Amino acid sequence: MNPSVTFGGPLATALGLVGAPLLLGVINKTKAFFAGRRGPPLLQAYFDLVKLLGKGAVYSRTTTWVFCAGPIVGLAATLVALLFVPLGGVAATFAFQGDLFLVVYLLGLGRFLTVLAALDTGSSFEGMGANREVKFATLAEPTLLLALLALIRVAGSPWSLSPTLGNISTASSLGTAPVIGLVAVALVVLLLSENSRIPVDDPNTHLELTMIHEVMVLDHGGPDLAFILYGAALKLWLFATLLAGIVVPVRTGNLAVDLGATTLVALAVGVVVGIVESSMARLRLIHVTHLLVGALVLAAVALLLAVGWSR
Amino acid sequence: MRHALDFVLVTLVLTDLVLLGSSRLTACIRLVAAQGVLLAFLPLALTWPELEVAAMALAASTLLVKGVAFPLVLERAMRDARARREIEPFVGYTPSLLVGLGMLGAGTWLADRLSADVVRSPLMVPVALSMILTGLFFVISRKKAVSQVLGYLVLENGTYVLGISLLSETPFLVELGMLLDVFVAVFVMGIAIFQINREFDHIDVDQLDSLKG
Amino acid sequence: MALFFTGLGTLVGSGVMAALCYRRATLATRVAVTGAIFGAGLVLVPALPTLFGGGTLVASLPWSMPGAALRVGLDPLAALFVVPMAVLGVLAAIYGARYLDPAHANGTLGVHWLAFNTLIASMLLVVVAQNGVLFLLAWEVMSLSSFVLVLYDGSAAEVRRAAWVYLVATHLGTACLLAFFTIFGAAASSFDFDAMRASATAVPAGLLFVLALIGFGTKAGFMPFHVWLPEAHPAAPSHVSALMSGVMIKSGIYGLLRALTLFGPPPAWWGFLLLSIGVTSAVLGIVLALAQHDLKRLLAYCSVENIGIIAVGVGLGLLGKAYGLPVLTALGFGGALLHVVNHAIAKGLLFFGAGAVLHATDTRDLNRLGGLLCRMPLTGATFCVGSAAICGLPPFGAFVSELLLYSAAFVAGTTGSPALVAAAAIAITGLALGGGFAAACFAKAFGIAFLGEPRSAAAAAAHEVGTPLTAVMLVLSVAAALSGVLAPWVVGSLAGAVANASGTSLNGTTAGLGVAVDGLFFVSLAAGILIAVVLVLTLTRWLLLRRRPIGATGTWDCGYARPSPRMQYTASSFAAPLVELFQGVLRTHRRFTPPVAIFPPSATLSTHTPDTLQELLYAPIFVGISNALASFRPLQHGRVQLYVLYIAVTLGLLLLWSFQ
């Protein structure tokens, strides 16, 4: 039996669990490099997590159990979603027809609870962040599904993430390159918006009024904040590996090579995010809608092209 | 050559969409210029292994007229008119993007109904039709005269692609004649924009109805 | 079927008895609720085995009415609607018994319960009727009894108006159905469904389909015909809203599905039409819901969304039939039918929760609520479950139905022709946008009403409602979770109903659904893992925080000195950026008094989003009709002599005409 079938999935998941915070480090290093600074250490996210897990907590008197449930369900949903996302050609731990919907909706569940936790504080700032988050996520969701449909159509696979990504290397040729390219561009926009990066949101800003994700978690501290940070890192990892698996389809069949190659490309995606963040400013909020609709249009064009090709 | 052809066509579609989504007139003019450059590749790609003189002449003149001359004229007109942005179009930029997508769908559907023979690329007729529709929409939905000229150019680029794809015997001479027509038209419009601006201090077309007295 | 009829008889009989003892409100309530429990229980006895085991029970009795026959049949498709109707009916009765305070009822309670039990009975009769006349009769009784229910609090002008709108809308729909059955029955020269089915080739199918779509769509709440829903649902008492929104509007879906089985293979445009109606209803319905600040009105618009999702499923199923893709057919119809059940559970739960809020605070205005979760913990927790369930989030049931619908769309998108791919892309975009907006909408509904600080004294003084109410909500929460966790089994047992609805063989349907059922095991697995991970993380957090200091303080206020609950984000402000995306369609009214000078005395901003269709389409039409008819007003004098003269003149004219 091919070892990549039995061990590959769990190994890929474990790699994600361990490696996800590294991606944040790569982004920050890249940004520091472009700013001419030395920047925080590559492993800073790990240090932060350990520090936060060791702290106590302070809760607002307004909050209820929903406030504590937000970080926990948010992290748990992302963790479970990770079990269904392949790492490039290495199939995920579980795969079935329709797993992509489960992944999208699990992320939605995590977001729903995070938003509720933000509203639980009764703070206007967090309300603002919450409604921006749901707005942009709503606009992002159809794009992701249409992009994946285009990809599935090109790969000629059942509608499941693992076989689709597995088939991409055989399907990819000069002919399908435009489709895959458009899908990749749409996914980059989604990665930036879903993970609250510049140009959609600025993770480093210190003005509550302008933030999206950060402002939602203003009142969380200690282990709760650690859960949130870790969940965010996992989500970034999930999108980065998905993108990496599509853009650079290394499918040698050798488990170590496939895993290593896709992970490296995912880290390179981190570098790209860092470059984008260094070279752009955050867009005005009304322009974010424009950007996301643009991504939706790109995904739709990709689908149209995919149909054109199969004729 | 099929892949290069497809690549050019996809890029044409993308320039169309970006054009619909941008407010800066300079960017719009450059996008239409880029379309002109892309169009210059088409006759070469279609006749590829053999290099026909007519095709090369068409490519060169397209490059010169659409890629270089028009942008220069229009940028000059824009500078003279001191119009930098298309402000408040009748249809907003984001809805325009969705309309552009709709035009692409409509083009595909129409191409399906036309059932023209698809020798080179199945994308050719849909892209041409969608460019024509997009150009029409651009003329209808924008206010600045420069934008209207741009829409007219996109429309003309669409007919260019359509002509190339349908007339498989490729009387390039016809194309060259059309190019000359458009050339004259754009110059006339450029001068008209300049004159309108000198008389009225703006180039908003929707205010021209105040002339009817 | 004898048990079924005994059940119907028990329902109506107990209702009549309740009406008779209207002077003693408590007794009337007890009689009616006991009758509802036993009646619905008796109905379930034959319905459950039919649903899960298949087979069709039929009964036929002669009837003296011309063209009519008491032909009824209980097949899996009917049973799929019977079961939620009976179960939610019982729960609503138990809830209503406590919700309507007998002490304050002034003799109207008896009539209310008569109408309530009659509504349940007539809904049940609608779904088993196998004869057009019987169907229409039951349909009309259903409409009238629900009209009486909406009119419960008839002293309020807005309630009377809502009931009136409902009555007009539902009868316009019924008029289309009358035309449908008359044309079809005339062609078949019988009103029996079997006879109609046999003569399906002899009728103008396109016209009849449109008639059925308008007639049943009005009851179901498809987008252009939905205007009565947001009026009637908030006006009715909450247990009635739950019943109407949860199951009664589904009788429209049932009717459409049953009508579709009467025709032969559908042309593709039926599927495209239903799909576009579905997507429109789904997206605009939920955006309108998001724009509302009245909790029950919000829920009513959300029903429009979910009916739209069901219509998307039926549309995809029809496309599958038209293009010969059995998997698409099975998944489309399967998703639609499963969503019927899941929406009944979730929407019932949410309306019960809204009723509890209304009971405790006396207001439905979200901008006057807040902080209810501490005060009403059980209602809050179940409302949270209901919110997550109706957004289609895993591990709840509605996720499974949406998964089936997405799968159907992906079948169309990966194997179909360009036209089908376009349909699939529209369906996917619609479902995804609808899902996203639903999440926003219910984050708002739950977040503004139950979280944060109370925005009014009434909300601050709220208290938990009584046991029967919370028990009913708990039962439905468990059902919502179970229908998701037990997904493979639930979907597997749908096969019979799907086969009925799509008119395909049971084996074909099972094979088609099998594509999804195999995967649903993983959905259950994911739900299990999710719960386990949540438990582990909770435990971790508890272990970490066990020995550490835990502080309590105010919410971070950015250094502002005197925060007050009125400064919280309101329902309007939460919805505004999202609603702005649809400004061109919604035409939200803003009343804005800007702050002036350096020390502004006051500034206000309020938004109100009316129904665009009602304002721009229906209102002008009805005003026009009213104006046109006003010209006949001089004929009305109130003098008896003149009326007799009218009669005499009319008779004379008719006599002349007959001599001609």
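Below, chains carry the letters A, B, ... as their sequence lines are ordered, and counting in each starts from 1. Note: hydrogens, waters and symmetry copies are ignored here, and every other heavy atom, side chains too, is used. Keep in mind that what you see is a predicted model, and the values were worked out from it rather than measured.
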Greatest number of heavy atom pairs closer than 4.5 Å to chain C - which of [options]:
options	value
A:S124, A:P158, A:A95	A:S124
A:D224, A:L144, A:L296	A:D224
A:V66, A:L148, A:T64, A:L116	A:L116
A:L303, A:T63, A:L102, A:V115	A:L102
A:G127, A:G221, A:A137, A:A226	A:G127

Quick check for you: to the nearest 0.5 Å, what is the distance between [X] atom [atom1] and [Y] atom [atom2]?
X	Y	atom1	atom2	value
A:S60	C:E453	OG	CD	7.5 Å
A:E141	C:I428	CD	CD1	12.0 Å
C:D518	A:Q97	CG	CD	8.5 Å
C:L578	A:F136	CG	CZ	9.0 Å
C:L537	A:Y230	CG	OH	10.0 Å
A:L149	C:Y406	CG	OH	12.0 Å

Contacting region of [X] [heavy-atom separation from chain C under 4.5 Å]:
X	value
A:D120	both
A:T62	both
A:I286	neither
A:F227	side chain
A:A57	both
A:A299	neither

Under 4.5 Å heavy-atom distance to chain A, tell me which part of [X] shows up: side chain, backbone, both or neither.
X	result
C:V536	neither
C:L544	side chain
C:F574	both
C:E580	neither
C:L404	neither
C:T415	backbone
C:L433	both
C:S573	backbone
C:I531	neither
C:A516	neither

Just by distance, with hydrogens left out, do C:T555 and A:T121 show a side-chain donor and acceptor under 3.5 Å apart?
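No - no donor-acceptor pair under 3.5 Å links their side chains.
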Pair A:E126, C:Y569: side-chain N/O donor-acceptor within cut-off below 3.5 Å
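No, no side-chain donor-acceptor contact under 3.5 Å.
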If you count heavy-atom pairs under 4.5 Å between each of [options] and chain A, which one has the most?
options	value
C:G392, C:G371, C:C374	C:G392
C:A388, C:P577, C:A425	C:P577
C:G554, C:G447, C:A440	C:G554
C:L525, C:V523, C:T414	C:T414

Would you name the heavy atoms of [X] and [Y] that are closest together and state the gap between them?
X	Y	result
A:G98	C:L403	O-CD1, 3.6 Å
A:K55	C:R548	O-NH1, 2.8 Å
C:V534	A:A76	CG2-CB, 3.6 Å
C:A552	A:V58	N-CG1, 4.4 Å
C:R541	A:C68	NH2-SG, 3.3 Å
C:A443	A:F112	N-CE1, 3.6 Å

Is C:V411 close to A:W159 at the side-chain level, that is, under 4.5 Å between some pair of heavy atoms?
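Yes, side chains in contact.
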Just so I know, are the side chains of C:T540 and A:P223 near enough to count as touching, which here means a heavy-atom distance under 4.5 Å?
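SC-SC contact between C:T540 and A:P223 ruled out.
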Got a sec: does the CZ of C:R546 have more than 12 other heavy atoms crowding it under 6.0 Å?
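Correct, the count exceeds 12.
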May I have the step-by-step check of side-chain contact (heavy atoms from CB on, under 4.5 Å) for C:F399 and A:L106, ending in yes or no?
CA-CA 10 Å; C:F399 168 68; A:L106 275 172; over 6 Å; no
For the pair C:F450 and A:L119, evaluate side-chain contact (heavy atoms from CB on, under 4.5 Å) and give the outcome as yes or no after the intermediate values.
CA-CA 9 Å; C:F450 286 91; A:L119 289 174; over 6 Å; no
Are the aromatic rings of C:F410 and A:F101 close, with centres under 6.0 Å apart?
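Close enough - the centres of the two rings lie under 6.0 Å apart.
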Walk me through it: do A:S123 and C:Q568 pass the test side-chain contact (heavy atoms from CB on, under 4.5 Å)?
CA-CA 6 Å; A:S123 153; C:Q568 285 175 100; over 6 Å; no
Does the side-chain contact (heavy atoms from CB on, under 4.5 Å) test come out yes or no for C:L530 and A:L109, once each step is laid out?
CA-CA 11 Å; C:L530 181 72; A:L109 175 70; 3.6 Å; yes
